[in-house]
2 protein chains.
Amino acid sequence: MARPRTPLLSRERIVEAALALVDAEGLEALSTRRLAAELSVSGPSLYNHFATKDELLDAVVDSVMGEVDLGMFAPDTRSGGGAGSGGDWRTALRDWARSYRAALAGHPHIVPVLAQGPGRRPNALRLADAVYGCLVEAGWPRGQATRIGALMRYFITGSALGSFAAGFPEDVQLYAGDYPHLGEAHRLAEHRRAVDEGAFETGLEALLDGLALRFERGGTDHNGSEGPTATAPTAPSPHSVSGPA
Amino acid sequence: MARPRTPLLSRERIVEAALALVDAEGLEALSTRRLAAELSVSGPSLYNHFATKDELLDAVVDSVMGEVDLGMFAPDTRSGGGAGSGGDWRTALRDWARSYRAALAGHPHIVPVLAQGPGRRPNALRLADAVYGCLVEAGWPRGQATRIGALMRYFITGSALGSFAAGFPEDVQLYAGDYPHLGEAHRLAEHRRAVDEGAFETGLEALLDGLALRFERGGTDHNGSEGPTATAPTAPSPHSVSGPA
DNA sequence: ACCTGAACACCGTTCAAGT
DNA sequence: ACCTGAACACCGTTCAAGT
């Protein structure tokens, strides 16, 4: 069989199969030959749909980013504050963070790829655009909005990259003697979900509390004297020169 | 030449060369043959010193973890508060976080491996032990101390995993039209260090502010009603049954 | 246009052989 | 004990050949 009358493959079918394979067996199980076998075609067939394996991986990553809800950033559909009221950034950020984490937690093996940045992936750029736009409209100075987008991504991808709890082997012997405070660490894996979700929620709320403190202190338009971040270099405000409002 | 009178390789020399290779060319450049060539030996020689490539990677990761300063957690060498005074956890955590991030930022390509958890790596376990011990001695309930260790790791590894700023291509065309708030995003890469460090410092300080709020609210011994984290499951306190004090 | 098998330069790892 | 070359089952990717 050479070219069939109706194509055996499509980008969608390939991306779907690739994600399923990565989810089930990890990134290193994703080889072009293995994936092709899963799709009942020969290895080189994939190159009719993607130029390289990296391009395929990019599409897989963006399909995961597409699962993240951005509805909370739509400016019109929310009540309780018109343009520039600046009160709801916190709720929006919390909802978004949870949706983002949930999407990544469903596909943990792809997180290292995704965490390299948005690149040219449309869903990743849409996400960055929405978060930044929300913060600026809420009254955050542009430089701070950029930083908040970055630090939220740090926390969320970090939390999805690997389970904290599952990182500790279930082996009592390992901890005995050498690590005086880790006497019960071998039991962490049992409570994996509770520990990881509790840590995420605690961190998220602490982050939002800390940011709210700065928001109150900082006002909406001054960029200097940013509180306790004395050692931080002053980040530029590189997203947009003329603001939307 | 077969077995030389004085060994050509050692674990240390191999780990050092592997880290240099990963730093210079990325994780995917680290192949046993390439690494062996760098060390002027043949590929299989490495298997006299490490059972598998994974075991070698583990040693590389732990050598990076060994760069992290843990001196701020030593209970005796600090002044201004005896045992149980519980005031200095914040300073210690900040200093540790900066040292941790600096170590990882020097070797960004290894972070995805390292973020899988401590496993059986001694330097990673020592680090977890020190952080948890510091928090418990400062008066944090054990469950919260576990969560804080986890969420700090989320934030730090996330910040070292990939530059936020460098993730946006330097291509004006890419953003025009489709992403209304990203008009200046193409300039982010220029200011890479300032943006990434500013975001890290802002997030770190916000996190510590938020945690300090909880510490004041929570007291030292009650575990319920943990403030705004209403949806968080109650994490267990798995590190140690009988505390150190 | 879209699939195939053969081929290229790579992988990690095993193993018998050398000293 | 510690190194070697040969070999195994894999990789990503190219390409001529088929319809």
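For clarity, every value in this text was computed on a predicted model and none was experimentally measured.
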- Query: So what is the 5' to 3' dot-bracket string for DNA chain D, if pairs are Watson-Crick or G-U wobble with both distances under 3.5 Å, crossing pairs use [ ] and | means the partner sits on another strand?
  - Reply: ||.|||||...|||||.||

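- Among residue pairs with one or both ends in residues 4-23 of chain B, those qualifying as salt bridge (charged side-chain N to carboxylate O under 4.0 Å, His left out) are B:Arg11-B:Glu55; sequence neighbours excluded.
- A:Asp178 pairs by the side chain to side chain contact (heavy atoms under 4.5 Å, CB included) definition with nothing, not counting sequence neighbours.
- Annotation: salt bridge (charged side-chain N to carboxylate O under 4.0 Å, His left out) contacts involving residues 161-172 of chain A, sequence neighbours excluded, comprise A:Asp171-B:Arg120.
- A:Arg33 comes within contact range of at least one nucleobase, with a heavy-atom separation under 4.0 Å.
- In this structure B:Ala18 satisfies the side chain to side chain contact (heavy atoms under 4.5 Å, CB included) test together with B:Leu30, B:Leu35, B:Leu56, B:Val60, sequence neighbours excluded.
- Residue pairs meeting the salt bridge (charged side-chain N to carboxylate O under 4.0 Å, His left out) criterion with at least one member in residues 36-48 of chain B, sequence neighbours excluded, are B:Arg34-B:Glu38.
- Annotation: side chain to side chain contact (heavy atoms under 4.5 Å, CB included) contacts of B:Ala105 (sequence neighbours excluded): none.
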Please list, pair by pair, any protein nitrogen or oxygen found under 3.5 Å from a nitrogen or oxygen in nucleotides 17-19 of chain C.
from: C:dG18; atom 1: N2; to: B:Arg3; atom 2: N; distance (Å): 2.8

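- A:Tyr100 is linked by a side-chain hydrogen bond (donor to acceptor under 3.5 Å, both in side chains) to nothing, counting only residues two or more places apart in sequence or in another chain.
- Listed by residue number, the members of residues 16-30 of chain B with any heavy atom below 4.0 angstrom from DNA chain D form an empty set.
- Of the residues in residues 51-61 of chain A, those placing a heavy atom less than 4.0 Å from an atom of DNA chain D are A:Thr52, A:Lys53, in numerical order.
- In this structure A:Phe155 satisfies the ring pair (Phe, Tyr, Trp, His ring centres under 6.0 Å) test together with A:Phe200, sequence neighbours excluded.
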